[in-house]
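Let me begin by presenting the structure, written as structure tokens, before commenting on it.
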Amino acid sequence: MNVSEQIRRGREALGMSQADLADAIWVSRNTVSNWETGATTPDIQSFILMSALFGVTIDEMVKGDANVMARAIARDRNRLLVVGPELSESGDREIESERVSTVEAAGAQDADAPITLTMPEPQGSVVFGNYERIDAVRAGMPEFRLVRTFALFSMSNYRIENGAGEAVGTIHRGRATFDPVYQLRVPGFERVQVRREWKPGEFRTVYTIEGEGVGVEGAVLGDEFSIWRQGGRIATVTALRSSGRPVFRIELEDDDTRPLAFGVAMIFLLLRDFDCNWVRTSGE
């Protein structure tokens, strides 16, 4: 059964008209009609709302259309807004598509090899977003790691360690209403806070970043994004092709801000994993 048929059957099982469903999930009746005829497919947030409404998982909804979720994620990248300081207009912010390489190509064994990181599976509920340890390596050697020091439901604390095992910062994960809020503290820098918030009236998710003049440019749910501080780029994060858990390349641009840049990158990778896992399991 394809997605259009799943939507129609789910709606009819609840005795809802197309207009009723449209009102329930904040879209137009014409949009619902297009979904049911197969002319268009829902975006991620619509999948989340319908799965909760119909009492099924998103995986069950898309079971007959293998590529529909990939299309929804690709389209929904444009709905994510990162709010932060205005960034520099420097021309070197252009994204080069060839920088998205295979995992094998990312492991060059030399002093200039990039940092690579594989996101582990979260422990427990994805709402809690707990990870025991996340390693970032360069040429097979530890460069940074995130080590969990405390976890209680949706709250958790992490210690950022360098390759020598020395503590260089901390990340705290709390929660405001439902969405996670992260705070990064690195000695010598202001506190950086990143908050995730879903805005139903505007139909988009907003990540708000505050502190130390830090901003983010690019699609944090897409192939590449960069981190800026006071008008200068301090890191670039690139998603690598992988058949398993997500793998990323992290390029740190400035030696003086390396722990800060890595910490900000990790917060957005944690948020990205939260969003991807939440979309897949919503309604279970």
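Computed over heavy atoms, backbone and side chain alike; hydrogens, waters and symmetry mates excluded.
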> Do you know the tightest heavy-atom contact between Ala261 and Ala235?
Replying inline: CB-CB, 3.9 Å
> What closest approach, in Å, do Asp179 and Glu197 show between heavy atoms, and which atom pair accounts for it?
Replying inline: OD2-CA, 3.3 Å
> Does the pair Asp273/Arg245 count as a salt bridge with the N-to-O cut at 4.0 Å?
Replying inline: yes
> Salt bridge between Arg258 and Glu143, side-chain N to carboxylate O under 4.0 Å?
Replying inline: yes
> What is the distance from atom CD of Gln183 to atom NE2 of His172, rounded to the nearest 0.5 Å?
Replying inline: 6.0 Å
> When you look at CD of Gln230, are more than 12 heavy atoms from neighbouring residues, nucleotides or ligands closer to it than 6.0 Å?
Replying inline: yes
> Should Val214 and Trp228 count as side-chain neighbours, where that means a heavy-atom distance under 4.5 Å?
Replying inline: no
>> Ignoring hydrogens, what is the shortest heavy-atom contact between Pro180 and Arg173? Give both atom names and the distance.
In response: CB-NH2, 3.5 Å
> Is there a donor-acceptor pair under 3.5 Å between the side chain of Ser17 and the backbone N or O of Asp20?
Replying inline: yes
> Rounded to the nearest 0.5 Å, how far does CG of Leu184 lie from CD1 of Ile209?
Replying inline: 9.0 Å
> Checking side chain to side chain contact (heavy atoms under 4.5 Å, CB included) for the pair Arg159/Leu146: CA distance, chi angles, key distance, verdict?
Replying inline: CA-CA 6 Å; Arg159 181 175 65 249; Leu146 206 64; over 6 Å; no
> Quick one: side chain to side chain donor-acceptor pair (under 3.5 Å) partners of Glu12, sequence neighbours excluded?
Replying inline: Arg8
>> On a heavy-atom basis, which atom in Thr40 and which in Thr31 lie closest, and how many Å separate them?
In response: OG1-O, 4.4 Å
> Run the side chain to side chain contact (heavy atoms under 4.5 Å, CB included) check on Val237 and Phe268 step by step: do they pass?
Replying inline: CA-CA 10 Å; Val237 180; Phe268 278 100; over 6 Å; no
> Is there a side chain to side chain contact (heavy atoms under 4.5 Å, CB included) between Val206 and Arg195 once you walk through the steps?
Replying inline: CA-CA 8 Å; Val206 175; Arg195 178 188 301 264; over 6 Å; no
> So, Thr236 and Glu251: side-chain donor and acceptor under 3.5 Å apart, yes or no?
Replying inline: no
> Which heavy atom in Phe54 sits nearest to a heavy atom in Gln6, and how many Å separate them?
Replying inline: CE1-O, 4.4 Å
>> So that I can tick it off, tell me whether Arg11 and Glu36 are bridged by a salt bridge, with the cut-off set at under 4.0 angstrom between side-chain N and carboxylate O.
In response: yes
> How about Asn157 and Thr170: do any of their side-chain heavy atoms sit closer than 4.5 Å?
Replying inline: no
> Do Leu117 and Val247 come within less than 4.5 Å of each other through their side chains, counting heavy atoms only?
Replying inline: no
> Hey, what do you get for CD1 (Ile7) to OG1 (Thr37), rounding to the nearest 0.5 Å?
Replying inline: 10.0 Å
>> If only side-chain N and O atoms count, and only distance matters, is there a donor-acceptor pair under 3.5 Å linking Tyr158 with Arg148?
In response: no
> Is there a side chain to side chain contact (heavy atoms under 4.5 Å, CB included) between Leu53 and Leu14 once you walk through the steps?
Replying inline: CA-CA 9 Å; Leu53 186 64; Leu14 294 176; 3.9 Å; yes
> Between Val137 and Thr116, is any pair of side-chain heavy atoms under 4.5 Å apart?
Replying inline: yes
>> Within the 4.5 Å heavy-atom criterion, are Val3 and Pro42 side-chain neighbours or not?
In response: yes
>> With no hydrogens and no angle check, just 3.5 Å: does a side-chain donor-acceptor pair link Ser33 and Asn30?
In response: no
> Rounded to the nearest 0.5 Å, how far does CD of Glu224 lie from CZ of Arg249?
Replying inline: 7.5 Å
>> Under a 3.5 Å threshold, yes or no: a donor from one side chain and an acceptor from the other, between Asn2 and Ser4?
In response: yes
> Given side chains that start at C-beta, do those of Arg233 and Ile227 come closer than 4.5 Å, heavy atoms only?
Replying inline: no
> Is the shortest heavy-atom distance from the side chain of Leu252 to the side chain of Phe144 under 4.5 Å?
Replying inline: yes
> From Ile171 CD1 over to Phe262 CZ, what is the distance, rounded to the nearest 0.5 angstrom?
Replying inline: 7.5 Å
>> Run the side chain to side chain donor-acceptor pair (under 3.5 Å) test against Arg191 and tell me which residues pass, sequence neighbours left out.
In response: none
>> Between Val147 and Glu161, is there a side-chain heavy-atom distance shorter than 4.5 Å?
In response: yes
> Does anything in residues 229-254 pair up under ring-ring contact (aromatic ring centres under 6.0 Å, His included), and if so which pairs, sequence neighbours excluded?
Replying inline: none
>> If I compare all heavy atoms of Glu212 with all of Glu190, which pair ends up nearest, and what's the gap?
In response: OE1-N, 2.6 Å
> Atom CZ in Phe274, atom OH in Tyr182: separation rounded to 0.5 Å?
Replying inline: 8.0 Å
